[in-house]
Colleague: 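Sharing a structure below in structure tokens format, with a few things to ask.
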Amino acid sequence: MLTTSAITSTYSPTRSRNFFLLLLLKKSTTVSHPTQTHAQIILNGFQNDVSTVTKLTHRLFDLKATSYARQLFLSTPNPDLFLFNVLIKFSNAHSISLYTHLRKCTLLKPDNFTYAFAIASASTLSDEKVGILLHEHAVVDGDGLDLFVGTAVVDFYLQFWRVDIARKMFDKMGMLKDGGIRLDSTTVAAVLPALAELQELILGMEVQCLVLKLGFHSYLHVLTGLISLYSKCGEIEAAKLLFGEIGRPDLVSYNAMISGYTSNGESECSVKLFRQLLGYGERVNSSTIVGLIPVFHPFGYLNLTTCIHSFCMKSGIISQSSVSTALTTVYSRLNKINSARLLFDESSEKTPASWNAMISGYTQNGLTEAAISLFQEMQISEVSPNPVTVTSILSACAQLGALSLGKWVHGLIRSKNFESNIYVSTALIDMYAKCGGIREALELFDLMVGKNVVTWNAMISGYGLHGQGQDALRLFSEIHAGLVKEGEETFQSMIHDYHFEPLPEHYACMVDILGRAGQLEKALKFIKEMPVELGAAEWGALLGACVIHKDKKLAQVASERLFELDPENVEYHVLLSNLYSAERNYRLAASVRQDVKRRNLAKIPGCTLIEIGETPHVFTSGDRSHPQASAIYAVLEELIRKMKEVGFQTETDTASHDVEEEEKELMINVHSEKLAIAFGLIATEPGTEIRIFKNLRVCVDCHTATKFISKITERDIVVRDANQFHHFKDGLCSCGDYW
DNA sequence: ATAGGGTTAG
């Protein structure tokens, strides 16, 4: 081991000698050692070497030999900035006066270390005024964004509870984390994707200024990153300008620009650039193809797709899963689900994304069963479902009303911890709402932390679907279920406050609102005064209202218009016929039905589904095919007897000479929903909620009957019909008899 | 440095 004497024995002030002294300093643990070393320094003639003295001072402070250190400082003839910094760092009470001395009595210029140490002292001394002043000095000197200074500043502001300022400083620093002016082009390029992701346009522009100042503008990586950033912020012109500045763009910058054009709706430019790239004989990669995708949506360039497809085959990049996945997506967006499936089947390596593209292709095209069966296939494969997969499957469940599968998927989500994913939880809420579980939907909604517009929409429409307009309005101040005043106000404010010209659907909404509230005359007046062409939607809304409020005269006016506007639609005939039946005017009802027959309008047969456990049971009107048919009919007969006792009247009660009508009336008692409910009563425990699904709009008689059944059997009954949900409880329905 | 599969409503 080296000793001091070993060094002094050969006197020669060289660099290496100095190095040994410093090493000794570093190793010294008590004050006596550095004092000895100090003596050696003087002996060796290093007392005027400021760098050595600074290190010694630092060491002395470390060893708490404060006064010794200060003496050393004072005895140094020309202290430099480093030495000053060390002193400022360690002498809290005197730091500020040292700083002042530095500024006023020397030619030295404070640097980022000076500010950092001085501001830290201001924190220790709890001197708010001085701290702010020092911060200002730092900013003026251009050290405001330095990482060292910034950290001290954040600390300082936090001590005075100025969280807002601290936060701002912190964010600013975060952007330039790698140390302000010491940034290099690699660092800048690395910051860009994050900024692009956050669409931080302003910060992006600041970065560009910085880049120009630092002379990085010739770096291809930085320029490419900026192109992408501007594109993502919708500033396609700025991106174009930068792209033009590149002399010879490489594949990556081409890709950035192509995808930039694509995502900004300039598909023609995008395709043009793509062709140009091909013309240069440049090898295209998967990013190029992927970046082109939204070009096909929603315009549907099938020709271009097949061209690109064959190009990918020829060049061999079709074997890359990202490429074939991209093409699968394109094909399913173009409704070419078979082409999509072919690609999927032929792809050698199936990634989770490949499966997801195919499954979501099916759900988005309404092919829910195909989606579910592919999902089951996926589970046998070695690829396991991810959040994207379950999101698509939940959407399929929602479309199908498949509650049991939906619940199973919910279990899967829990076990895989996908619950925090916003897509997943939104799809879950939607699934429950659409499958009749409005309570479960609300529970999930309430617990959810980061909701977005889609989440809210799913919940709003869920409420609307369940006839709970009040709840929807309370939560979201939206137009719903018969809340005329709010509806009118919103409508007026849309026109006058927002200068938005109402579209036909808005007029239809207003007609619906007025109609639901029974203000039929007002609705008609509204229709007549509308400045837009009257469509089937408006008249349909009015007719619906007429049926509920039993206004025959207005119904005739509305239906005549509807028969003209939409002659193929049988729904309006059914509505009118229902209205006549409800008024016991069987002659008119029959004539409407005959009219339907004469015109050969197709009627969709009604059917109702009920799930017991996981088994679905489907009933049609008068259906006797069910194994338990006799029991079902017995229960139904008994029910109707009890219902009559408490005042239920079917249309069969009224004598009628119309034979056809008699047949019809007999049929009413065996409508598919009644059969399904009767079966539900047999197949489930007393008190259990019964949930059924009807493919058409529920008829008046069944609606009334279900109200009675809910009361007599003390069961909650949920009916999902073609339009909405009906919650029957205790003899009442959530729709308020309006549907 | 560039890129892909997902939720609502209409």
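Note on naming: letters A, B, ... go to the chains in the order of the sequence lines (proteins, then strands), and numbering restarts at 1 for each one. What you see is a predicted model; the values in this text were computed from it and never measured. Worth knowing before you read on, the calculation uses all heavy atoms, side chains too, and leaves out hydrogens, waters and symmetry mates.
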Colleague: If you check every side-chain atom of A:Tyr423, which of B:dG6, B:dA3, B:dG5 has the closest atom?
Modeller: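 In terms of side-chain proximity for A:Tyr423, the closest of B:dG6, B:dA3, B:dG5 is B:dG6.
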
Colleague: Looking at A:Tyr254 versus A:Phe274, is the centre-to-centre ring distance below 6.0 Å?
Modeller: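 No.
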
Colleague: Applying side-chain contact (heavy atoms from CB on, under 4.5 Å), can you list everything that pairs with A:Ser310, at least two apart in sequence or on another chain?
Modeller: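 None.
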
Colleague: What pairs meet the salt bridge (Lys or Arg N to Asp or Glu O under 4.0 Å) rule with one or both residues in residues 268-277 of chain A, with sequence neighbours excluded?
Modeller: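 Matches after skipping sequence neighbours: none remain.
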
Colleague: Please list, by residue number, the residues of residues 225-239 of chain A whose heavy atoms come closer than 4.0 Å to an atom of DNA chain B; answer none if no residue qualifies.
Modeller: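 Only A:Ser228, A:Lys232 qualify.
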
Colleague: Without decimals, in angstroms, what is the distance between A:Phe375 CZ and B:dG5 P?
Modeller: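 Going from A:Phe375 (CZ) to B:dG5 (P), I get 20 Å.
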
Colleague: To the side chain of A:Val454, which of B:dT2, B:dT8, B:dA1 is closest?
Modeller: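 Comparing B:dT2, B:dT8, B:dA1 against the side chain of A:Val454, the answer is B:dT8.
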
Colleague: Give every residue pair that meets the ring-ring contact (aromatic ring centres under 6.0 Å, His included) criterion with at least one member in residues 398-432 of chain A, sequence neighbours excluded.
Modeller: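 Every pair satisfying ring-ring contact (aromatic ring centres under 6.0 Å, His included) with a residue in residues 398-432 of chain A: A:His410-A:Tyr432.
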
Colleague: What integer distance in Å separates A:Leu277:CG from B:dT2:P?
Modeller: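 Rounded to whole Å, this separation is 17 Å.
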
Colleague: Going by heavy atoms closer than 4.0 Å, what residues in residues 384-404 of chain A are next to DNA chain B?
Modeller: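 Contacting residues: A:Asn386, A:Pro387, A:Val388, A:Thr391, A:Ser392, A:Ser395.
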
Colleague: Is there any ring-ring contact (aromatic ring centres under 6.0 Å, His included) pair reaching into residues 328-369 of chain A, and which pairs are they, with sequence neighbours excluded?
Modeller: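 Every ring-ring contact (aromatic ring centres under 6.0 Å, His included) pair that includes a residue of residues 328-369 of chain A, provided the two are not neighbours, is A:His309-A:Tyr331, A:Phe344-A:Trp355.
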
Colleague: Run the ring-ring contact (aromatic ring centres under 6.0 Å, His included) test against A:Phe725 and tell me which residues pass, sequence neighbours left out.
Modeller: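 For A:Phe725 the ring-ring contact (aromatic ring centres under 6.0 Å, His included) partners, ignoring immediate neighbours, are A:His466.
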
Colleague: Nearest whole angstrom, please: distance from the P of B:dA3 to the CZ of A:Phe274.
Modeller: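 It is 16 Å, rounded to the nearest whole Å.
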
Colleague: Taking salt bridge (charged side-chain N to carboxylate O under 4.0 Å, His left out) as the test, write out the residues that go with A:Lys407, two or more places apart.
Modeller: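 Counting only residues at least two positions away or on another chain, A:Lys407 forms no salt bridge (charged side-chain N to carboxylate O under 4.0 Å, His left out).
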
Colleague: For the side chain of A:Asn452, starting at C-beta, report the closest nucleotide among B:dG5, B:dT2, B:dT7.
Modeller: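 Nucleotide nearest to A:Asn452's side chain: B:dT7.
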
Colleague: Taking salt bridge (charged side-chain N to carboxylate O under 4.0 Å, His left out) as the definition, give me every residue that meets it alongside A:Asp345, ordered by chain and number, with sequence neighbours left out.
Modeller: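 A:Arg341.
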
Colleague: Can you sort out which residues in residues 424-436 of chain A have a heavy atom within less than 4.0 Å of DNA chain B? Ascending by number, please.
Modeller: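 Within this stretch, A:Val424, A:Thr426, A:Asp430, A:Lys434 sit under 4.0 Å of the strand.
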
Colleague: Can you pull the salt bridge (Lys or Arg N to Asp or Glu O under 4.0 Å) pairs that have at least one residue in residues 420-431 of chain A, sequence neighbours excluded?
Modeller: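 Passing the test, one end in residues 420-431 of chain A: A:Asp430-A:Lys434.
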
Colleague: Expressed as a whole number of angstroms, how long is the span from A:Trp456:CH2 to B:dG10:C1'?
Modeller: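 Spelled out: CH2 on A:Trp456 to C1' on B:dG10 is 21 Å.
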
Colleague: Taking CG from A:Asn356 and P from B:dG6, how many angstroms apart are they, rounded to a whole number?
Modeller: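 Taking CG of A:Asn356 and P of B:dG6, I get 8 Å after rounding.
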
Colleague: In whole angstrom, give the distance that lies between atom CE of A:Met257 and atom C1' of B:dA1.
Modeller: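 Distance, rounded to whole Å: 15 Å.
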
Colleague: Looking only at the side chain of A:Ser360 (C-beta and beyond, no hydrogens), which of the listed nucleotides B:dT2, B:dG5, B:dA9 gets closest?
Modeller: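 Given the options B:dT2, B:dG5, B:dA9, the side chain of A:Ser360 is closest to B:dG5.
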
Colleague: Would you mind listing every salt bridge (Lys or Arg N to Asp or Glu O under 4.0 Å) that reaches into residues 348-376 of chain A, with sequence neighbours excluded?
Modeller: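 For residues 348-376 of chain A: none.
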
